Amino acid sequence: MIYGYLRLSTTEENQSNSFDVQRNHIESKHKIDSFYSDTTSGSTPFFKRDGWSKLMAVVKSGDKIIVHRLDRLSRDTMNYLVMENELKRINVAIVFVDGIQGNDPMAEMVRTILSSVAEYERKMIALRIQQAKDIQRSQGKHLSGHVNYGYIKDSGGYLIENEDEQHIIGIMRELRSKNLSYQKIADAINTRGYRTRKGVDFTSMAISRAVNYKLGAK
């Protein structure tokens, strides 16, 4: 039996790597009995991939698995090598439409190098994404999650000060400057009738977050 395997990252938007593109490349060279696919990161271990696990449940000795390119299979060198050794053990061949063929030492070495390059590319993409997020965060853009007390999000997604809440935070910080504990500050704030956005009493933890939060911090 000849199987096709497709993978697309959940964060991938480049349609040149779409399932249809991969399938067409594979079918242009091989007649496939059945396809299996996963939508997951290239660093995800194979045993955690639903599609791959289903494929491993049906392959038998002498079967072949066809993949478009090595990076469509994995972007983690160790993960790839473990998988390759397992396929050797059960006598299942892995074939890349665009890539080095064969199981001789030279071909295996080249595939290992290419796997390392794919892993490097994955890590660099993740680094660039994180750097972009850090820049946006430092500029006050709110990326996701809870909006801290004292701020609201404008139409562009950036945090701006909520004047009413900032006034209350100013009182909290004034009390803190007098060496009051967060719990005593909470008691004082609640006694004055101030409440959280949800209309409940402030806790010492809520006071601590509000007093110490800095716009642009991670």
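Predicted, not measured: the structure shown is a model, and the values here were computed from it. Excluded from the calculations below are hydrogen atoms, water molecules and symmetry mates; all remaining heavy atoms, backbone and side chain alike, are included.
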Of the non-hydrogen atoms in [X] and [Y], which two are nearest, and what is the gap between them?
X    : Y    : value
N91  : S61  : ND2-OG, 2.9 Å
M83  : L73  : CE-CD2, 3.2 Å
R195 : G193 : NH1-C, 3.5 Å
S43  : N79  : O-ND2, 4.1 Å

Steps toward side chain to side chain contact (heavy atoms under 4.5 Å, CB included) verdict (L87, M56): CA-CA 9 Å; L87 292 182; M56 289 298 97; 4.0 Å; yes

Would you check if [X] and [Y] make a side-chain contact, meaning some heavy-atom pair closer than 4.5 Å?
X    : Y    : result
Q22  : H25  : no
I2   : I65  : no
F96  : R69  : no
Q183 : T203 : no
I66  : K29  : no
I189 : M172 : yes
I90  : K60  : no
V97  : V67  : no

Is the side chain of [X] donor-acceptor paired with the backbone N or O of [Y] at a distance under 3.5 Å, no angle test?
X    : Y    : answer
S208 : S204 : no
R7   : S74  : no
D50  : D38  : no
D63  : M1   : yes
R72  : L6   : no
R176 : L180 : yes
N148 : A210 : no

Can F202 be reached from I171 by stepping across I, L, V, M, F, W or Y side chains whose heavy atoms are under 4.5 Å apart?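 Yes, it is one cluster - the side chains of I171 and F202 are joined through contacts under 4.5 Å.
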
Carefully, step by step, assess I185 and K178 under the rule side chain to side chain contact (heavy atoms under 4.5 Å, CB included). CA-CA 10 Å; I185 296 173; K178 297 178 181 178; over 6 Å; no

Give the C-alpha distance, both sets of side-chain angles, the deciding distance and a yes or no for side-chain hydrogen bond (donor to acceptor under 3.5 Å, both in side chains) between Q166 and N162. CA-CA 6 Å; Q166 285 294 330; N162 178 308; over 6 Å; no

Will you find, in the side chains of Y182 and N212, an N or O donor that is under 3.5 Å from an N or O acceptor?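 There is such a pair between these side chains.
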
Does CE in M205 sit with more than 12 non-hydrogen atoms of other residues, nucleotides or ligands closer than 6.0 Å?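 Result for CE/M205: open.
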
Before you tell me yes or no, could you show the steps for I169 and Y213 under side chain to side chain contact (heavy atoms under 4.5 Å, CB included), namely the whole-Å CA-CA distance, both residues' side-chain angles and the distance that decides it to 0.1 Å? CA-CA 10 Å; I169 291 175; Y213 178 73; over 6 Å; no

Geometric cation-pi criterion, R209 with Y149: 6.0 Å, 45°: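 Judged by the rule (NZ or CZ under 6.0 Å from the ring centre, within 45° of its axis), R209 is not positioned above Y149.
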
Taking the six-membered ring of F46, is NZ or CZ of R49 closer than 6.0 Å to its centre and within 45° of its axis?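 Ring-cation test returns yes.
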
Nearest 0.5 Å please: distance from the [atom1] atom of [X] over to the [atom2] atom of [Y].
X    : Y    : atom1 : atom2 : result
I26  : H30  : CD1   : NE2   : 8.0 Å
D201 : T191 : CG    : OG1   : 8.5 Å
R23  : S37  : CZ    : OG    : 7.0 Å
E165 : H167 : CD    : NE2   : 12.0 Å

Quick one: do I160 and I152 satisfy side chain to side chain contact (heavy atoms under 4.5 Å, CB included)? Show the steps, please. CA-CA 6 Å; I160 59 176; I152 56 175; 3.5 Å; yes

Ring centroids only, cut at 6.0 angstrom: are F35 and F19 within range, meaning strictly under it?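 No: the rings miss the under 6.0 Å criterion.
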
Qualifying residue, where the test is ring-ring contact (aromatic ring centres under 6.0 Å, His included) with W52 and the options are Y36, Y3, Y5: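 That would be Y5.
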
